[in-house]
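These notes concern the structure reproduced below.
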Amino acid sequence: MTEPTTTPDATPGATVTADVPLVRARGLVKRFPITRGVVLQRAIGHVHALAGVDFDIYAGKTLGVVGESGCGKSTAARIVARLLEPTEGTIEFEGRDITTLSRRQMVPLRRTVQVVFQDPYASLNPRQSVGQIIAAPLRVHGVEGDRRKKVQELMAQVGLNPEHFNRYPHEFSGGQRQRIGIARALALEPKLIICDEPVSALDVSIQAQVLNLLGDLQRERGLAYMFISHDLGVVRHVSHRISVMYLGSIVENADRDALYDNPRHPYTVALISAAPTGERGARTRRLLLAGDVPSPAAPPPGCTFHPRCPKARLVSGDPAEVPERCRTERPVLTDVGEGHQVACWYPIEKGDAEKMMEIQASEITLEGDPELGVAQTEGLTDAQPRPDDLVDGGTGL
Amino acid sequence: MTSRRKTLALLGSVALVGAVGVAACGSDDKSSDTNGGDTATTAQGGGSGSETRFMSDDAKKGGTYRIATPDLGFTGGFDPSAEYLGWAWGLQQMLLNRGLVGYRHVGGTAGTEPMADLAEELPEGENDNTVWTFKIRKGVKWSPPLNREVTSKDIVYAFERMATPSVGAQYANYVQPIKGFKEMADGKAKTISGIETPDDHTITFTLTEPTPDFLFRLAMPATAPIPPEVGKCHTKAGEYGRYVLGTGPYMIKGADKLNISSCATQKPIAGFNPTDGITFVRNPNYDASLDDPEQRSAMPDSIDISVNTNEKDVFDKIQAGELEEAAGLSVPPDVARKYTTDDSLKDRFRSNPEDSTNYLTMNLTTPPFDDIHVRKAANFIVDKTALQRAWGGKLYGDVTGHTIPPVLLDGDNSIDPYATEGSAGDLAKAQEEMKQSAYDTDKDGMCDAGPCKGVLYLNRNYGAYAKLGPIVIDNFAKIGIQLDAKELPTGPAYETLQTVKNQVPLASNARWGKDYPDATTFAVLFDGRNIIPTGNTNYSLVGITPDQAKKLGVTLPKDGVPSVDADMDKCRKTGGEERIACWKEFDTKVMTEVVPWVPYMNALHTNLLGPAVTQWDFDQDSGESSLAHVAVDPGLQK
Amino acid sequence: MSSPREGHKLLEVRDLRVHFPTEDGVVKAVDGSSFALDRGETLGVVGESGSGKSITFLTVMGLINRSSARISGSVLFEGEEIIDASAARLRDIRGKRIGMIFQDPMTSLHPMHRVGDQIAEVVLTHTGASKKEAARLAVESLAEVGMPSPETRARQYPHEFSGGMRQRAMIAMALVLKPSLLIADEPTTALDVTIQAQILELIDELKEKFNIGVVLVSHSLATIADVSQDVMVMYAGRPAELGARDQVFQDAQHPYTWGLLESVPRPDVRVERLIPIDGQPPSLITLPPGCAFSPRCRHVRPECTAAVPELRDRGSGHLDACIIEPDEKTRLREERLAALEAGA
Amino acid sequence: MGRYIIRRLLWTVFIVLLASILTFLIFFVLPAGDPALRFAGKQPTEELIAQARVNLGLDKSLPQQYWLFLSRLIGGDEYGWPGLGYSFHTRDAVLPELIDRSRVTGSIIVGGALMWMVIGVPVGVISALKRKTFWDRGLMGICLFFISAPVFWLALLSLLIFWKHLGWLPGTGYVPFAQNPGQWFAHLILPWCILALLYAAIYARLVRANMIDVVSEDYIRTAWAKGLSPRKVVMHHELRPALAPIIALFAIDLGALVGGTIVTETVFNMQGLGNWLLIAANNNDLPVTMAVTVVVAAAVCILTLIADVLLAIIDPRVRLQ
């Protein structure tokens with residue numbers, strides 16, 4: 001595996017030149033209307049699932065996307081997989097704008113982008129044998145030839161016993177089912193696989209098996225991954241470049257190690273800090289965020305992170321105050337050197353982390369941010385979908 | 001005419017099933033829809049009735065006579081001006097209101113003889129049966145709340161109602177010969193010039209044409225007196241039905257509570273409710289001495305008619321003694337079998353001719369039935385016994401070979417030009433006729449020309465009708481006519497048949513019954529002048545003229561269509577025995593020179609009587625139970 | 001209720017076995033589990049699905065239907081044997097002396113009752129308090145778990161709460177009567193990373209404040225690492241390793257613990273290739289002979305399958321159920337770490 | 001809440017209008033026979049048919065006829081409000097008959113519904129709590145029998161036994177409550193039972209299934225963990241979520257029965273709305289068909305509205321929007 005770079009080298013097996021990304025997403029916006037009424041529906045508001053997102057996915061590389069529930073990571077993935085239409089913005093595939101393509105024109109493109117889902121059992125038809133499941137994309141796309149042989153090859157490739165092609169999903173364990181899902185995704189020899197939390201539902205010891213398999217496949221086939229996860233450890237392990245998302249926006253975009261070694265967005269710092277590491281005394285080094293993620297139906301003005309941002313309080317010098325700019329102006333992703341982009345008016349500097357923790361320590365015990373807790377509820381009283389209900393679960397998939 | 005809808009999908013959640021029988025007129029079927037097979041018991045009707053009337057020596061006055069019906073089924077809301085249901089006529093004539101002319105209300109020919117009722121005596125028609133003068137009995141009083149004597153003005157008002165379009169009089173055609181009637185109906189006159197009332201007890205009708213059967217027409221309930229002070233408040237079709245007052249032995253329960261001080265104070269009489277039924281109680285103003293005991297014995301103190309939608313339940317209750325009889329229902333074959341085979345029960349099952357004819361109608365203008373030989377061949381080939389079996393067998397009908405029911409021909413049932421062995425059809429005779437037809441090109445007795453294939457055959461899709469279909473199809477196939485059956489619910493079947501431009505070649509969905517005991521009420525079906533574009537009842541288009549054909553878009557066969565208009569006009573002018581003879585001749589001519597139908601059965605009306613019934617008779621006129629002569633023993637009731 | 005005598009552990013479980021007879025055979029969900037816990041301590045229990053970690057503590061709570069399970073062994077709670085206690089006795093203990101919170105706060109609160117009422121119900125059930133008093137205690141308890149505006153929150157329904165708030169409400173409910181033991185079954189698994197940290201922090205804080213014993217059940221070693229004093233690693237219904245947190249993390253003795261530690265990608269260290277544990281967890285109906293982990297163990301030897309290995313104390317309370325000698329294990333561990341380093 | 005109810009009532013009006021328009025169209029589109037022909041008598045003349053059309057209002061264009069229906073409905077007619085005209089079939093005002101028949105149908109449905117809830121819910125709960133025991137299997141077996149037994153047959157059988165053979169109950173028919181409450185009850189008890197048995201069986205199975213789902217919910221485990229008594233867990237925690245979905249169903253079933261107790265009404269000779277609709281449909285009785293349609297549509301809408309409000313009270317997650 002090569003070292004991750006911003007403009008990746010041409011990897012063996014990749015069909016695109018280094019400069020043109022496989023996928024280039026620009027200004028993606030997705031709003032889900034919140035409707036009332038049975039027959040005559042009228043939108044009474046929107047869930048801002050994506051609020052203008054740019055990213056590139058390069059052939060043979062993995063773009064990791066991390067964030068908490070409601071951050072829009074799954075929406076972005078589904079838009080790339082063409083399972084959802086963006087409200088605004090464009091997606092180019094190998095330099096070609098596919099946002100405007102018709103269903104029919106999309107057919108060949110669909111082969112090149114496949115999805116592996118979180119819950120391996122829910123995404124497999126229990127009445128079909130594994131062979132049928134893996135062969136289904138071949139059938140749908142009219143691939144000729146010895147399908148059974150092809151299926152068995154695929155099964156072997158993902159570490160399943162090819163003899164078991166006649167068995168049904170319930171006869172397999174969780175990890176094996178996820179292997180079936182991967183084999184199915186591989187059947188059409190895609191260029192990009194979107195992995196939506198592919199190991200979250202698996203036991204720890206099995207997670208490693210699947211992650212290793214994904215890594216091996218990438219090396220062998222030059223696959224690109226868009227890897228969605230809430231688990232920073234997993235994302236760090238698989239990704240070349242990582243986008244951190246918060247409330248529908250990318251707040252930080254960086255190469256893997258740059259992100260972990262030198263996070264510049266306060267949210268990224270908090271996220272890394274909060275992740276359990278199993279290290280002794282880790283707790284004392286934690287940066288705890290106050291409150292919860294606000295509702296994407298009523299995102300805060302300015303920087304959406306400002307109500308919870310410890311850095312903003314550091315800047316203002318008052319735990320209860322936030323600089324005006326953070327409250328009013330929305331920061332855009334800005335390059336802070338070597339392709340490291342951050343959307344923050346006051347990016348983290350050396351020593352900030354320790355200082356922030358001091359503020360935090362006093363804040364976390366005083367009942368979080370009272371305004372936040374109640375305000376969020378009020379924003380959601382009228383049966384508006386909760387972020388976790390809607391953005392990642394309510395898209396009809 | 002009954003229109004029915006068998007099923008109607010209405011809102012997802014409401015499914016309608018089955019069909020409740022509604023009898024619109026005497027012609028409608030109330031026969032069983034199940035095949036009970038033949039039961040070797042003879043019908044009890046046909047006699048004078050008086051011998052069979054008494055079931056018990058001690059028939060006494062008093063008690064409540066209880067009847068159940070699945071649906072009152074009134075066609076005109078029980079308003080006598082409009083009501084056309086035979087059973088309703090019976091109630092009005094026998095119980096509620098006396099007209100100038102009445103009947104004995106017994107079975108057989110004795111029940112078809114006109115009698116003086118409100119009239120002191122029956123007059124002879126004067127001036128070639130165009131002037132009829134009646135003396136009205138004195139002292140006959142309206143029931144409460146009216147309480148006054150009935151006068152000739154009340155009769156005039158009844159006729160004026162019939163000439164008022166909004167009332168919707170359904171058989172005003174029978175009184176149209178009255179001078180000035182049409183003028184009033186058309187709004188050209190305020191009164192009917194042909195009716196004169198020199199005094200309160202005299203009324204004279206002047207007619208525009210000789211009408212020897214005018215007495216029959218004056219027995220129809222619409223011509224009976226109606227009190228203007230109540231009637232004038234209710235001139236919408238059917239509305240007066242809830243306010244009917246009368247002079248008969250009974251009145252509708254609660255009629256005395258009717259507040260007649262003004263139209264606004266009148267509220268429907270409580271004893272009649274289309275949902276629940278109708279109850280008659282004694283009319284305190286009725287004086288039996290002013291009535292003819294032969295016509296009304298009026299034994300029970302009250303007669304209670306209730307609606308019961310569960311047919312099985314009705315017959316269960318009759319057998320259990322909770323009801324005396326049913327109306328609008330034919331006795332189910334299993335019950336009939338039980339009662340006809342058990343000597344102790346035999347007396348409680350009655351079967352009487354209701355003076356109707358079941359037939360297949362052939363369209364004289366559509367191939368292959370535009371050829372008289374084909375029509376004759378059809379009459380030979382049809383297995384009438386099989387059709388009778390479809391209706392339930394001998395208990396439910398007598399096989400016939402002509403159009404007019406025998407009772408109307410003085411009991412004569414001899415006309416049968418196409419008689420076959422056992423009425424089972426005769427292939428040889430049919431083929432003999434077929435050979436003479438142009439549609440049998442190779443003269444082998446089989447219809448083989450193009451029009452013999454796929455001939456539309458219209459039928460109803462339920463009950464006994466549905467059983468007729470296969471028999472008819474099979475019979476016609478024997479002479480090479482291949483039928484294409486179309487089975488519809490009652491309403492659409494009628495509408496299809498009654499729309500001339502549909503040109504239905506063959507149909508078995510219609511029946512016909514008399515309106516009053518005279519053959520003229522059957523002859524109308526062959527009256528070319530009655531042909532109208534929709535609602536037409538001359539299904540065969542007998543006597544259609546080239547002009548009519550052109551207007552209606554009908555192609556006539558090159559020889560035209562035979563007409564019997566002149567024959568019926570001739571008979572209508574005759575009277576007495578001459579009249580009967582004339583109608584026999586007419587019927588014979590229809591069956592031999594026109595052949596519009598294959599008549600196959602005269603239906604019998606079946607009644608099951610409860611154990612408490614001590615006296616019962618059949619009313620030949622209405623073709624229903626004679627409620628004028630029933631009696632009940634309350635001690636036997638449950 | 002007898003007051004706990006001095007010298008008693010808060011909770012002492014000995015050779016607990018929970019077997020479920022089914023049509024396919026007997027599921028040995030817990031098959032010989034022994035451990036102990038004191039007030040003011042947190043016991044972290046780690047294991048994969050089917051390791052028996054949840055069943056163990058549902059059994060302690062008396063929440064396993066005795067008609068469907070065969071339960072044996074001993075559960076001493078504050079010195080009282082409760083394994084065969086009557087249903088009424090167990091009800092008395094549940095909620096009052098042992099509080100429990102569950103994995104999914106979204107579904108663990110009754111959706112149709114107000115949060116305050118749900119908490120107050122515990123008070124009403126176990127004490128003679130008035131409704132008003134119970135409501136006051138509920139609000140107090142909510143305040144205790146860092147719920148902003150607790151009075152308002154008490155009147156709200158669970159669906160008006162975020163996931164973190166719901167878990168706080170669950171904790172408030174579990175602790176409203178100040179029990180001596182809190183069992184937290186995967187309390188953070190369903191929560192977002194930043195909220196997980198908040199909740200763990202809160203549990204630790206309350207443990208200190210009320211001097212209670214806490215059992216923290218998790219599938220992730222990392223999760224329990226910073227807040228547990230003792231750690232028990234479970235495999236196939238039995239403890240594989242049990243010891244102080246540092247002992248288990250720094251000086252793991254069981255190959256299964258090694259595998260768990262190595263197979264998890266960590267945000268702070270990156271390796272090229274993870275080292276997974278091969279194979280699948282065993283069926284609980286037909287456990288492998290001897291050591292249940294042996295089929296997946298890289299260091300398996302014939303003796304492993306001979307007999308079910310006993311938990312053995314390796315000194316200073318660090319127990320493990322692997323028959324390999326400590327010295328040998330030190331060597332193997334070093335080899336593995338070297339391989340891991342090489343991959344990084 | 002108030003605004004919601006008003007909005008829903010407006011919606012109800014809309015649905016009622018829609019249903020009436022549909023019924024109206026079906027009536028004229030289906031080849032069911034021209035009502036005017038029927039009223040022109042047995043031997044119609046063209047004049048008579050034309051007159052019948054005028055009398056029935058059928059001479060006007062369809063939109064005009066519908067408009068007439070609507071304006072009468074809203075403005076009332078000589079028979080009162082709402083104006084429903086008079087029946088083509090009985091020539092009688094529809095409104096008073098509607099009221100009479102509504103009492104009959106109402107008596108059947110309300111009694112039957114009470115009965116099926118009182119039987120169905122406990123049976124379902126007991127079955128769920130005693131799952132896989134003799135009780136559960138026995139009760140569910142009985143339920144299955146009543147679900148699959150034809151109502152018509154059950155009704156006839158019950159009459160045969162309780163009226164004909166045992167003589168414990170009066171036979172068919174309806175006695176108004178005002179006339180004789182005892183007889184009213186005696187006549188209704190069988191129809192109630194027959195109606196209730198089927199629904200009780202269906203509801204018992206539903207309640208059982210819901211209960212079984214609820215019992216395995218996490219929040220029930222929480223309830224046990226709180227140390228609640230079994231009684232309290234069932235009554236206070238399990239029953240409400242198990243019954244909440246039944247309420248919506250109950251409302252729809254009840255609404256559908258307003259025009260749908262045809263079999264029960266026919267067999268027990270109860271002159272209710274279902275029977276009336278059947279007769280009306282058989283006789284091309286447009287005004288009655290329209291009236292029953294309006295009542296059924298309104299009943300379904302209003303009952304579901306009540307159910308939704310109830311549901312919102314029971315389940316705070318449900319918002320009335």
Side-chain angles (χ1 to χ4, degrees), chain C residues 54 57-58 60-65 67-68 87-115 117-127 155-160 166 169-170 173-174 176-177 179 182-183 185-186 190, chain D residues 1 121 125-137 207 210-248 307-321:
Chain C
S54 289
F57 293 97
L58 288 173
V60 169
M61 284 290 277
L63 289 178
I64 297 294
N65 187 350
S67 63
S68 64
R89 178 79 193 118
L90 283 171
R91 278 206 298 278
D92 206 33
I93 292 171
R94 283 202 294 267
K96 185 175 183 188
R97 292 168 61 200
I98 308 178
M100 187 161 186
I101 62 174
F102 300 99
Q103 170 170 353
D104 194 345
M106 298 291 169
T107 57
S108 292
L109 285 164
H110 199 290
M112 299 180 181
H113 295 294
R114 292 175 201 280
V115 170
D117 293 347
Q118 297 193 46
I119 300 172
E121 194 181 19
V122 181
V123 181
L124 291 171
T125 304
H126 292 286
T127 71
R155 285 192 300 273
Q156 289 183 325
Y157 291 96
H159 71 276
E160 296 171 276
R166 284 187 220 185
M170 280 297 291
M173 192 193 300
V176 63
L177 288 178
L182 173 69
I183 298 173
D185 188 356
E186 305 255 14
Chain D
M1 177 86 108
V121 170
V125 170
I126 290 167
S127 250
L129 294 181
K130 312 251 176 209
R131 202 173 158 198
K132 290 185 175 168
T133 62
F134 167 78
W135 279 103
D136 178 27
R137 285 178 221 274
V207 168
N210 286 351
M211 275 295 279
I212 286 169
D213 284 351
V214 169
V215 162
S216 59
E217 287 285 353
D218 287 351
Y219 53 81
I220 298 305
R221 186 180 55 188
T222 305
W224 289 112
K226 282 154 83 170
L228 304 186
S229 65
R231 208 183 80 86
K232 209 150 184 212
V233 171
V234 173
M235 300 305 287
H236 199 221
H237 289 256
E238 294 179 351
L239 219 47
R240 228 159 106 172
L243 293 187
I246 302 285
I247 290 171
D308 287 350
V309 171
L310 266 180
L311 205 60
I313 292 169
I314 288 181
D315 189 343
R317 289 170 298 179
V318 175
R319 294 283 163 174
L320 300 177
Q321 284 303 334

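Note on naming: letters A, B, ... go to the chains in the order of the sequence lines (proteins, then strands), and numbering restarts at 1 for each one.
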Kindly compute the distance separating CG (Asp104(C)) from CZ (Arg221(D)), expressed to the nearest 0.5 Å.
9.0 Å
Under a 4.5 Å heavy-atom cut-off, does chain D meet the side chain of Leu63(C), its backbone, both or neither?
side chain
Is Pro316(D) close to Gln156(C) at the side-chain level, that is, under 4.5 Å between some pair of heavy atoms?
no
Measuring from Leu124(C):CG to Lys232(D):NZ, what's the distance to the nearest 0.5 Å?
6.0 Å
Please answer whether the main-chain N or O of Thr222(D) pairs with a side-chain N or O of Ser108(C) as donor and acceptor at a distance below 3.5 Å.
no
Using non-hydrogen atoms only, which part of Ala223(D) is less than 4.5 Å away from chain C: side chain, backbone, both, or neither?
neither
In terms of the angle between their ring planes, are His110(C) and His237(D) parallel, tilted or perpendicular, with boundaries placed at 30° and 60°?
perpendicular
If one checks every heavy atom of Ile93(C) against chain D at 4.5 Å, the contacting part turns out to be neither
Which one of Glu121(C), Gln103(C), Met173(C) has the most heavy-atom pairs closer than 4.5 Å to chain D?
Glu121(C)
Do you know which of Ala87(C), Gly62(C), Pro111(C) has the most heavy-atom pairs under 4.5 Å to chain D?
Pro111(C)
CH2 of Trp224(D) to CE of Met100(C): how many Å apart, nearest 0.5 Å?
15.0 Å
Which pair of heavy atoms, one from Asp315(D) and one from Met112(C), lies closest together, and at what distance?
OD2-CE, 3.5 Å
Applying side chain to side chain contact (heavy atoms under 4.5 Å, CB included), run through Lys226(D) and Gln118(C) and close with a yes or a no.
CA-CA 9 Å; Lys226(D) 282 154 83 170; Gln118(C) 297 193 46; 3.9 Å; yes
Between Met61(C), Arg114(C), His126(C), Met170(C), who has the most heavy-atom pairs with chain D when the cutoff is under 4.5 Å?
His126(C)
Can you tell which part of Thr125(C) gets under 4.5 Å to a heavy atom of chain D, answering side chain, backbone, both or neither?
side chain
Non-hydrogen atoms of Arg91(C) and Pro230(D) that approach each other most closely
NH1-CD, 3.4 Å
